[in-house]
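So the structure is just underneath, and the comments pick up after that.
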Number of protein chains: 4
Amino acid sequence: MTDFTDRQREIIDVSIQLISKGGIQELTIKNISKSIGISEPAIYRHFSNKMDILLGILSHFKNNTKSTLERITSYEISAVKRLESIFFSHFQQFTAKPAMAAVIFSEEIFQNDKRLSEEVFLIMKLHQDAISVIIEKGQKSGEIRSDIFKEQLSLIIMGTLRLIVTKWRLSSFSFDLEKEGANLWNSIKKLIVL
Amino acid sequence: MTDFTDRQREIIDVSIQLISKGGIQELTIKNISKSIGISEPAIYRHFSNKMDILLGILSHFKNNTKSTLERITSYEISAVKRLESIFFSHFQQFTAKPAMAAVIFSEEIFQNDKRLSEEVFLIMKLHQDAISVIIEKGQKSGEIRSDIFKEQLSLIIMGTLRLIVTKWRLSSFSFDLEKEGANLWNSIKKLIVL
Amino acid sequence: MTDFTDRQREIIDVSIQLISKGGIQELTIKNISKSIGISEPAIYRHFSNKMDILLGILSHFKNNTKSTLERITSYEISAVKRLESIFFSHFQQFTAKPAMAAVIFSEEIFQNDKRLSEEVFLIMKLHQDAISVIIEKGQKSGEIRSDIFKEQLSLIIMGTLRLIVTKWRLSSFSFDLEKEGANLWNSIKKLIVL
Amino acid sequence: MTDFTDRQREIIDVSIQLISKGGIQELTIKNISKSIGISEPAIYRHFSNKMDILLGILSHFKNNTKSTLERITSYEISAVKRLESIFFSHFQQFTAKPAMAAVIFSEEIFQNDKRLSEEVFLIMKLHQDAISVIIEKGQKSGEIRSDIFKEQLSLIIMGTLRLIVTKWRLSSFSFDLEKEGANLWNSIKKLIVL
DNA sequence: GATGAATGAGTTTTCATTCAT
DNA sequence: AATGAATGAAAACTCATTCAT
């Protein structure tokens, strides 16, 4: 749970935007420094190298994921409502920071280094485990259908969520993600509740 | 429907493998030429620049997609069987050429150029339209439930397909994609058939 | 005969160690400050720039050389004993501070600046003149053979001394310099005394 | 016994000159390329990195040393003449290529990497072993005095040789190395022959 | 005395591409 | 169809130094 300084947060933020705009190829120290308005060497006062910036991005995502999931888990609501909350909180976050959408589901960006890809895998598992646990409870309480394994239901839910976000991004954010997402969720609900 | 020479096909193939291994950062003329065993300038005999290689990759994917979809559309089978065929033919292809799995769903790779991202968008739409059409037919014939829009069903199906492939890749191809994919498809079937 | 503050002496000391470890390339303000445990700008409170640190090192060597030579010259002993004292006092100093051995005979380190290389030349001359004077006395008193010019004898003595120190250093100080040096000196004595 | 291309030999040559002029700090890819008159990246066609250039320099020295020593060993001459040949051939080489003198005895230059320092150590040992063997023969044949160990005599000879070369270099090559060297050798001869 | 933040100039190295052969 | 040699541009990173606090 690393604590970042203001400048570090700024660098992470700008980096996410750069990746979102043109892929990792766009994430250069020059581009970061230009975006912030400081010199290139100044970046190295705040992160000892580029890898550390990428790890910073992932750490930021992980903290985000953790606190969102913890918040939702703390609510006293039904399983389906819980899943809905996860769905909707993602859409809210992406609408607020569209750049995040381009990076958080792009495992490819982080695949060229073990430490990075492991971290990505961990974040993915965090989501999946949380969703699986919720589904399991829903299945036990009779809220959610039990004729399909919870792992598969969680795959279907997450996959759908990811794809609509990807489409939203590829369409240059041309539709209302929160609205379309809500519609989509209603359809998923129809499929999984008893 | 560009026709590629043997060498061009070789370059495209090797390029897909390189991207699969380490992201686009790994796709350099040097790496391509080293993998093939020819000199760097030799690459330029076959593609006039790097962009053309990337376009070549996408053209290859598009041709693949088209012929697969055409083949499946030509069969006289039910809508559900058709969807299943699309699912399974993907899993077969990825199992045969795992590198493809890392590239075909990675829109981020091609996002830094308009011609590339448009091409990516087109391939995605090709799939989606085909699936939508099939679902529509299935809904009309009473095979598939009609209380959910075909666009949404197609999103759910494609999203799930994509995510299991991504997981397979991130796990370093550590499970049997064809088997797990078949299981998953059975679950999806339960959800969408009447 | 500059007087150094404690901090300045510390910086000079640490600098010698750094050069000893990895050549001048290792002597950076960052490395100095890290070794001491203060910030980089803090170094500039004590030396106005890097050149001044290098001059400080040489000044330190010069003071050392001078006082050693003066001390030895003050003794009322024979010429041969005097030469032996110079030899042995070097070995003692290097054994106590091995890092010095790597720097004091490395004229190359200081060659890229006139002020530095002149200073180096001067220190070398200090040694040589002292040795020459002693040899001359020894030759006049009949202690040392006179069929070889004092300049050449001094070259032979100093060259041998330097080389054994270099070998000691290149062997990572793996033998007892004082012992081996004493043996070597006995052999030299055989060569030069009548 | 690596074979170098013309360009590689040129790079090695220029590198030795640069180091001679201003120490390793002067040996930058920029300076090399500027001296030769090609671009910086062009250097990398001929050496894959800077380390390889340094290894190239040492390989050059090693080959030189080996062939010189082999040549001298092949002559049917007395031990003393042999030593003299080694002495004189060094002085000839340095007079022809003064830059070499600044690099070949500067172990410090190569100390920041294991592979380099090991290679330096090896070259030094090559010389020393050759001289030791010659001295041993001379002692057996009664040519050279036997009351001093051959290792020590070799140290004295090599140390003296090195120091006069260093002085020649520090004096900006201001005296005739071959002449002064010859005088010095005559004095050494007086010391070691019976 | 000391530090956090910053910078201009420079380091090694890689990249896509060109050209003469 | 292929290669050896080369290059301009740019990459990540380091260095000595400055300045406000």
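Note on naming: letters A, B, ... go to the chains in the order of the sequence lines (proteins, then strands), and numbering restarts at 1 for each one.
- For B/Asn112 and E/dA16, the CG to P distance is 12 Å, given to the nearest whole Å.
- Within the nucleic acid shown, D/Thr28 comes within 4.0 Å of sugar-phosphate atoms alone, with no base atom in reach, counting heavy atoms only.
- The interatomic distance linking A/Lys30 (NZ) with E/dA9 (C1') rounds to 13 Å, in whole Å.
- Remark: C/Ser35 OG to C/Glu10 CD distance equals 10.0 Å, nearest 0.5 Å.
- Although no hydrogens or angles enter the test, the distance criterion places no donor-acceptor pair under 3.5 Å between the side chain of C/Ser59 and the main chain of C/Leu55.
- Nearest nucleotide to the B/Tyr44 side chain, out of F/dA11, E/dT12, E/dT18: E/dT18.
- Distance, A/Phe47 CZ to E/dA5 P: 12 Å, rounded to whole Å.
- Set against F/dC13, F/dA2, E/dT7, the side chain of B/Ala42 has F/dA2 as its closest nucleotide.
- Map A/Glu40 and C/Gly37 each onto its nearest nucleotide of DNA chain E; the residue landing nearer the 5' end is C/Gly37.
- For the atom pair CG of D/Asp52 and CD of D/Gln8, the computed distance is 9.0 Å after rounding to the nearest 0.5 Å.
- Rounded to whole angstrom, the span from the CD1 atom of A/Ile38 across to the P atom of E/dG4 amounts to 17 Å.
- Counting only N and O atoms by type, the side chains of D/Glu108 and C/Ser106 include a donor and acceptor under 3.5 Å apart.
- A salt bridge links B/Glu26 with B/Lys21; the closest basic N to acidic carboxylate O contact falls under 4.0 Å.
- A donor-acceptor pair under 3.5 Å links the side-chain atoms of D/Thr65 to the main chain of D/Phe61, judged by distance alone.
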Check: protein-nucleotides 19-21 of chain E nitrogen or oxygen pairs below 3.5 Å:
none

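- Under the rule for a salt bridge (charged side-chain N to carboxylate O under 4.0 Å, His left out), the partners of D/Arg9 that lie at least two apart in sequence or sit in another chain are D/Asp6.
- Nucleotides of DNA chain E nearest to D/Ile29 and B/Lys50 differ in position, and the one nearer the 5' end is that of D/Ile29.
- Rounded to whole angstrom, the span from the CE atom of C/Met51 across to the C1' atom of F/dT17 amounts to 14 Å.
- Of the candidates F/dA2, E/dT17, E/dT3, the closest approach to any side-chain atom of B/Ser39 belongs to F/dA2.
- Using a 4.0 Å cut-off, some side-chain N or O of B/Arg7 falls inside it from OP1 or OP2 of F/dA2.
- In this model, the phosphate group of F/dA2 is approached by a side-chain N or O of B/His46 to a distance below 4.0 Å at OP1 or OP2.
- The CD1 atom of B/Ile11 sits 11 Å away from the P atom of F/dA1 (whole-angstrom rounding).
- E/dA5 is paired with F/dT18 under the criterion used here, namely a Watson-Crick or G-U wobble arrangement in which both key atom distances are under 3.5 Å.
- Within residues 13-27 of chain A, no residue approaches DNA chain E, by heavy-atom distance under 4.0 Å.
- C/Ser33 contributes a side-chain N or O that, together with a main-chain N or O of C/Ile29, makes up a donor-acceptor pair within less than 3.5 Å.
- Judged by distance alone, with hydrogens and angles left aside, the side-chain atoms of B/Lys50 form a donor-acceptor pair with the main-chain N or O of B/Leu27 at under 3.5 Å.
- Interatomic distance, CE of B/Met124 versus OG of B/Ser117, reported as 12.5 Å (0.5 Å rounding).
- C/Asn49 places its CG atom 9 Å from the C1' atom of F/dA16, with the value rounded to the nearest Å.
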